[in-house]
Amino acid sequence: MQGKTFTMELAGKTLTIETGKYCEQAGGSAFVRMGDAVVMVNATVAKQPRDGVDFLPLSIEFEEKMYSVGKIPGGYIKREGRPSEKAILCSRLIDRPLRPLFPKGFYNDIQVIATVLSMDPDVQPEILGMIGSSAALAMSEAPFAGPTGAVAVGMVDGKYIINPTLEERHKSKLNLTVAGTKDAVMMVEAGADELTEKEMLDAILMAHVEVKKIVAFIEGIAAECGKPKMEVNIYHPDEAFTELVREYARDKVEWQLDTFERKVREERSEQVKQEVIEHFAEEYPDSAGDIDMILYNLTKEIVRDKIINRKIRPDGRAQDEIRPIWSEVGILPRVHGSGVFTRGQTQVMTIATLAPLSEGQELDGIDDVTFKRYMHQYNMPPYSVGEVRRVGSPGRREIGHGALAERALVPMLPSEEEFPYSMRLVSEVISSNGSTSQASICASTLALMDAGVPIKKPVAGVAMGLIKDDSTGNIAVLTDIQGLEDFLGDMDFKVAGTREGITAIQMDIKIKGIDEQILTRALEQARRGRLFILDKMAETIKEPRADLSPYAPRIMQFSIHPDKIREVIGSGGKTINGIIAETGVKIDLEDDGRVFIASPDAEAAAAAKRMIDDICRDIEVGGVFLGKVVNILPIGAQVELKPGKKGLVHISRLANHRVEKVEDEVQIGDEILVRVIAIKPDGKIDLTRKELLPDAKK
């Protein structure tokens, strides 16, 4: 089939979108290329909503195919299985700018599948997936109010780079992804090495300039190849009935919200709902669903009006005020580090575990990252919000929040050379009312310092919210949003960093984007909030502890010549396993000759190091070794100087006096000091004990 191909220049590279040649039965299809990278994206929308669905069932799947990098999947089955964490995070990146652009009340299933067919290390496939998803939806019959565009931004030597190469990403102080429409920014995701608010804002605005070009490009494709949009039938309760309910319930909802206590408010909410349903039950017996929808809209309207026009937040705080904070460290005696951070009704406990580098995470994916020494995991059990539900494996939200906390803290971690440990941080959300991901960053900073990890600077995070009145243009930017403000608001803008700058950002928008004015205000308000939180954390612990927990492994690090690695390992691992069995330590050997010995017993580690040092020593005339007697002959004793290397101490050199029998001086298994006196052309080694023994028998 003959398809159509469209191209544009994007930051010095050619972006190509093909459509119509492949996947003809999908609702919309885009074959996206840049360099050698190819991502195929297909979007399909159901013709009718499923019964009982009252949310937008948008499903985004980012599929990493190992053939895209010329690999066969590991494991027994030899095919791709469950998505990697990277694939899940890419799915979230694609989802977030698209979701707000569907009509409220549209409940038809929508599925977008982005498949990585070919990888180019210099092209980030998630960016092509985001662009392709927008193009596929724009060409489909789905009622999508896009298109959107997306770019990555790096910063090398103070200069911003759009869609940086692999080498540039490795040097970059910034890893930023921005998506938006032609009018506004919709989504921001970033990790950074202490960028200022102005530097971050400039990067976002620069990205939006390129986003607009992509949007115009996709608009042209959709105009030429797009399908007619499907008719959207969104259910609304009867207008007359809606007015009756609103008139009857308004004072009740006002009363429901006239408290700063969340629990009381929730109890009142259930009471009001029940009273309204009972009031209309006789005349409108099947109206419970409609009443629920009307009360939600009325509650949202009143809450937003109170915040914008009456300056009253649900818990009574000022718009830039942070909830009460307290924290503690060292609460768990046997773990390596622990911290609890509490902000209002949000409480996170983080536990830090230290281990040798070999216990880091091996990654089997399609990008160049194959190992992580720092792992951050986030759990949110149902009791944290007072609910009862099934407990299963972590979902996309949990994985995303863990990745955000990890991104915020990584720039402040000590180098591998300075601190040769793998680190696993687990954040347990034990009470939730908004901003748990940022609380997990704060709790993790406390746990790292409690564990004695020499982090460069403490990191804290805060979530910003937005209420925007489109009719008047009035806005309210809220610091440290709680659950209700997130649920009924227009923005969740998380900013984490040190006193000097930003280390991570994540922004989700529920409306059709925000502008420079709102971004500027939110970033500055977040900076002030972050400094306040850091001050509160410093009251608990100011700097990392000087010593590690007594239960944490001590790691001794040194280097040997890479040529000696084979000798240290020995045939089939015999030598190194013998050292481990004898001393009880854990030993990791790197290809560059670095050696890591881990043990809570310093003497055992030192003994293992001596053994390795002896193995690595070159045998030279005059060298003194502590060897082991491995064989006794009539003419003398054979002594193993190091694995695979033996020498002979002639009977005449076993002591400073005449020896009649070898067994009179040494036995098999004895460790004795010997000196090398000759190395013969055939490699045989002559040893002596003379002058290395006390002269008692002389």
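Residues L548 and P553 are not in side-chain contact: their nearest non-hydrogen atoms beyond the backbone lie 4.5 Å or more apart. Looking at heavy atoms from C-beta onward, V153 lies in side-chain contact with I162 at the 4.5 angstrom threshold. The side-chain heavy atoms of V348 and Y378, taken from C-beta on, include no pair separated by under 4.5 Å. Taking 4.5 Å as the limit, some side-chain heavy atom of F341 sits within range of a side-chain heavy atom of I533. Proximity of P454 to F419: side-chain heavy atoms (C-beta onward) are separated by under 4.5 Å at one or more points. Within the 4.5 Å cutoff, the side chain of M200 has heavy atoms near those of the I505 side chain. Residues I399 and L89 have side chains in contact (heavy-atom distance under 4.5 Å, counting atoms from C-beta outward). Side-chain contact between M537 and C442: present, with at least one pair of heavy atoms (C-beta onward) separated by less than 4.5 Å.
With respect to the salt-bridge test (charged N to carboxylate O, under 4.0 angstrom), the residues K171 and E168 do not qualify. A salt bridge does not link D320 to R521: none of the charged nitrogens lies less than 4.0 Å from a carboxylate oxygen. Electrostatic pairing of D547 and R545 does not count as a salt bridge here, judged by no charged N lying under 4.0 Å from a carboxylate O. One finds a salt bridge joining R530 and E197 here, because a Lys/Arg side-chain nitrogen approaches an Asp/Glu carboxylate oxygen to under 4.0 Å. Salt bridge R250/E301: present, at least one basic N to carboxylate O contact under 4.0 Å. Using a 4.0 Å cut-off between a side-chain N of Lys or Arg and a carboxylate O of Asp or Glu, D95 and R396 do not qualify as a salt bridge. Between K273 and D292, at least one side-chain nitrogen of the basic residue sits less than 4.0 Å from a carboxylate oxygen of the acidic one, meeting the salt-bridge criterion. E406 and K372 are joined by a salt bridge, as a carboxylate oxygen and a charged side-chain nitrogen come within less than 4.0 angstrom of each other. Salt bridge annotation for R499-D535: present, with a cationic side-chain nitrogen under 4.0 angstrom from a carboxylate oxygen. Salt bridge absent: R323 and D315 never bring a charged side-chain N and a carboxylate O closer than 4.0 Å. Look at R407 and E189 and you find a salt bridge, because one of the NZ, NE, NH1 or NH2 atoms lies within 4.0 Å of a carboxylate O, short of that distance. K306 and E485 are not joined by a salt bridge, as no carboxylate oxygen comes within less than 4.0 angstrom of a charged side-chain nitrogen.
The backbone N or O of L58 sits less than 3.5 Å from a side-chain atom of R99, completing a donor-acceptor pair. With hydrogens and angles ignored, the 3.5 Å screen pairs a side-chain donor or acceptor of E398 with a backbone N or O of G395. The backbone N or O of L295 lies less than 3.5 Å from a partner atom in the side chain of T299, making a donor-acceptor pair. With hydrogens and angles disregarded, a donor-acceptor distance shorter than 3.5 Å links the side chain of R304 to the backbone of L488. Of the possible polar contacts, one joining the R268 side chain to the W255 backbone as a donor-acceptor pair under 3.5 Å is found. S172 places no side-chain N or O within donor-acceptor distance of the main-chain N or O of R169, the cut-off being under 3.5 Å. S431 places no side-chain N or O within 3.5 Å of a backbone atom of Q347 that could act as its donor or acceptor partner. Without hydrogens or angle criteria, Y160 side chain to E199 main chain gives a donor-acceptor distance under 3.5 Å. One N or O on the side chain of S91 and one on the backbone of F62 form a donor-acceptor pair closer than 3.5 Å. Side chain of R313 to backbone of L478: no donor-acceptor contact under 3.5 angstrom is found.
Under 3.5 Å, the side chains of T346 and S435 contain no donor-acceptor pair of N or O atoms. Checked by atom type, the side-chain pair Q271/E275 shows a donor-acceptor distance below 3.5 Å. R424 and Q377 share a donor-acceptor pair across their side chains, judged by distance under 3.5 Å alone. T436 and H401 share no donor-acceptor pair across their side chains, judged by distance under 3.5 Å alone.
In terms of heavy-atom proximity, M186 sits nearest to I511 at CE-O, 3.3 Å. The shortest non-hydrogen separation linking L195 to K173 is CD1-O, 3.7 Å. Scanning all heavy atoms of the two residues, the minimum distance from M375 to G360 falls at CE-CA, 4.1 Å. For the pair D490 and K468, the tightest heavy-atom approach, listed with the atom from each and the gap, is OD2-N, 2.8 Å. The heavy-atom pair separating L176 from A203 by the smallest distance is CD2-CB, 3.7 Å. Closest heavy-atom contact between V429 and P381: O-CD, 3.2 Å.
Heavy atoms from other residues, nucleotides or ligands lying under 6.0 Å from CD of E417 number more than 12. For E261, the CD atom counts as loosely surrounded, since its 6.0 Å shell holds 12 or fewer non-hydrogen atoms of other residues, nucleotides or ligands. Residue-environment remark: CD (E543) stays at or below the threshold of 12 foreign heavy atoms within 6.0 Å.
Taken to the nearest 0.5 Å, the OH atom of Y551 stands 10.0 Å off from the NE2 atom of H336. Expressed to the nearest 0.5 Å, how far CD1 of I502 lies from CG of L174 amounts to 9.5 Å. How far OG1 of T520 is from CG of L205: 7.0 Å, rounded to the nearest 0.5 Å.
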(request) May I have the step-by-step check of side-chain contact (heavy atoms from CB on, under 4.5 Å) for L357 and S422, ending in yes or no? (result) CA-CA 5 Å; L357 288 171; S422 289; 4.2 Å; yes

(message) L446 vs E328, test: side-chain contact (heavy atoms from CB on, under 4.5 Å). Steps then yes/no.
(response) CA-CA 8 Å; L446 297 171; E328 57 184 339; over 6 Å; no

(message) Could you walk me through whether M349 and S338 satisfy the side-chain contact (heavy atoms from CB on, under 4.5 Å) test, starting with their C-alpha distance in whole Å, then the side-chain angles of each, then the deciding distance to 0.1 Å, before giving a yes or no?
(response) CA-CA 7 Å; M349 176 188 297; S338 57; 5.7 Å; no

(message) Test salt bridge (Lys or Arg N to Asp or Glu O under 4.0 Å) on K510 and D508; report intermediate values, then the result.
(response) CA-CA 7 Å; K510 301 176 188 176; D508 293 316; over 6 Å; no

(message) Would T479 and Q525 count as a side chain to side chain donor-acceptor pair (under 3.5 Å) here? Give the steps.
(response) CA-CA 7 Å; T479 298; Q525 214 162 298; 3.0 Å; yes

(request) Would you sort out whether F487 and K300 count as a side-chain contact (heavy atoms from CB on, under 4.5 Å), showing the intermediate values? (result) CA-CA 9 Å; F487 185 58; K300 182 175 182 179; over 6 Å; no

